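Structure first, commentary second.
As the structure is a computational prediction, the values presented were derived from the model and not from experiment. Each residue takes its place number in the sequence, starting with 1. Atoms within a ligand are numbered from 1 in the order they appear, just like the ligands themselves.
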Amino acid sequence: MAYNSNTRRMTDTMAAFIGYTAKHLPDDVIDALSRLRAEEDDPLAMEIYELMFRNLELAAEKDRPTCQDTGVLQFWIKCGSAFPLMADVESILTDAVLTATRKTPLRCNVVETFDEYNTGTNTGTGAPTFWWDIIPGWDGCEIYTYMAGGGCSLPGHAMVLMPGQGYEEAVRFVMDRMTSYGLNACPPLFVGVGIGTSVETAALNAKKALLRPVGSHNENKLAARMETLLEDGINAIGFGPQGMGGKYSVIGVNVENTARHPATLGVAVTVGCWSHRRGRIVFDRDLGWEVTTHTGFSYTSCGNEASGAADESAGAAND
Ligand code: SF4
């Protein structure tokens, strides 16, 4: 990518935003954790919620990530076909990850498969990960950032059911994963469930579900009913915060679905932990931006000239 003032500006903004999302949870997740804490009456669970909120305070105060595992960066990009930097978006985000890794700092988590070495940059073959939606005619670009940690990625699973097994079996599939691996993901969990034709469509729907706000509901009434039933069912496992027992196991359950082949029922589940680090930023064509997930984020781009990696102002903007 050839650097110019615009690519530089978007790179700096994204590096600052990635760093910020490592250190501050999204507003909806904090609200959900606050609600669970207020409703908890188990003494140990109450104590753990206190520690979680103390952890969040210290992360902000000391300008450090909320969890040592800052994950592997994933981006879901909804880009307008008329967005001026469309061709550069992947390079911009990769450079933003390099800068954020150094400035935030983020733990280096990217290991090249088969060769089994850590790249030390949080980038590598296919990392960070990009998923794209192209919006014809729009001149803006919406970017979801997500830090996929190890523990919270572990319960992820997808399979294709016989259609006769029905949605009841899809619920059993999700509950089996939760009872087997939910504990590994630092509860209370944010659970994304995807329904589609194949493992791929179901898995991408599950990831999309995790990007939706906590407390939102699927527009389809039956899917929304599944969200509520799964939430009740997983809460009944009684994980409590960090799996130490308590009233609630989940921050929420979101279901996303697409039409499917009549002979298959693809289902997938993916999980976010209590430290659910996803952010949403929307750029306009002039690179003005709006962040809807983190009210505290502020950043003024340095707007400096082209060439090289972003300068120190990106890191300083995280304050
Ligand atoms: S599951 Fe989440 S909170 Fe737990 S160690 Fe992993 S990233 Fe951190």
Side-chain angles (χ1 to χ4, degrees), residues 17-34 36-37 40 44-45 47-76 97 100-101 104-111 118 122 127-129 144-157 174 177-193 206-207 209-211 214 234-235 237-246 248-254 268-279 293-294:
F17 184 55
I18 291 165
Y20 191 88
T21 62
K23 297 168 183 172
H24 305 266
L25 295 189
D27 302 342
D28 60 337
V29 174
I30 291 180
D31 289 348
L33 289 171
S34 300
L36 299 188
R37 175 170 70 161
E40 187 56 76
L44 180 55
E47 185 64 27
I48 292 171
Y49 279 121
E50 290 305 315
L51 289 173
M52 285 176 170
F53 277 87
R54 179 74 181 129
N55 178 89
L56 295 178
E57 277 171 23
L58 284 172
E61 189 183 308
K62 298 190 176 300
D63 199 30
R64 287 287 178 268
T66 55
C67 176
Q68 38 75 38
D69 183 357
T70 48
V72 171
L73 267 294
Q74 301 175 336
F75 298 99
W76 200 303
V97 169
T101 296
T104 306
L106 305 176
R107 193 177 79 179
C108 295
N109 285 322
V110 169
V111 172
N118 192 315
N122 274 325
T129 306
Y144 278 96
T145 63
Y146 184 74
M147 292 183 175
C152 47
S153 295
L154 198 62
H157 201 39
V174 174
R177 293 306 289 183
M178 292 303 103
T179 50
S180 306
Y181 292 99
L183 211 54
N184 295 91
C186 293
L189 311 174
F190 189 33
V191 181
V193 176
K207 175 60 71 177
L210 273 195
L211 302 179
V214 176
I234 302 169
N235 274 334
I237 300 171
F239 286 143
Q242 293 293 7
M244 302 301 283
Y248 298 102
S249 305
V250 294
I251 290 170
V253 178
N254 285 356
V269 62
T270 187
V271 166
C273 55
W274 78 272
S275 188
H276 181 57
R277 288 146 303 169
R278 67 105 162 75
T293 47
H294 296 72

**OP:** Write out the residue and atom name of the closest protein heavy atom to atom 7 (S) of ligand 1, then the distance separating them to 0.1 Å.
**Re:** Arg277 NH2, 3.0 Å
**OP:** Take Thr129 and Tyr146, measure what side chain to side chain contact (heavy atoms under 4.5 Å, CB included) needs, and give me the verdict at the end.
**Re:** CA-CA 10 Å; Thr129 306; Tyr146 184 74; over 6 Å; no
Original post:
In total, how many protein N/O/S atoms does one find closer than 2.8 Å to atom 2 (Fe) of ligand 1?
Top reply: 1
Original post:
Near Gln68, which atoms of ligand 1 are under 4.0 Å from a heavy atom of that residue?
Top reply: 5 (S)
Original post:
Does some side-chain heavy atom of Val29 sit less than 4.5 Å from a side-chain heavy atom of Arg277?
Top reply: no
Original post:
Does Asn184 reach the main-chain N or O of Leu154 with its side chain, forming a donor-acceptor pair under 3.5 Å?
Top reply: no
Original post:
Do the side chain of Ser249 and the main chain of Ile234 share a donor and acceptor less than 3.5 angstrom apart?
Top reply: yes
Subject >> Identified side chain to side chain contact (heavy atoms under 4.5 Å, CB included) counterpart of Val72 within the set Val110, Val97, Leu106 >> reply: Val110
Subject >> Met147 and ligand 1 - part of the residue with a heavy-atom distance under 4.0 Å >> reply: neither
Please tabulate, for side-chain N and O atoms in residues 64-71, each donor-acceptor pair with protein atoms closer than 3.5 Å (sequence neighbours left out).
unit_1	atom_1	unit_2	atom_2	d
Thr66	OG1	Ala22	O	3.4
Thr66	OG1	Ser275	OG	3.0
Gln68	OE1	Arg107	NH1	2.5
Asp69	OD1	Gly71	N	2.8
Asp69	OD1	Asn109	ND2	3.2
Asp69	OD2	Gly150	N	2.7
Thr70	OG1	Arg107	N	2.9

Original post:
Would you call Glu40 and Arg37 a salt bridge, using N to O less than 4.0 angstrom?
Top reply: no
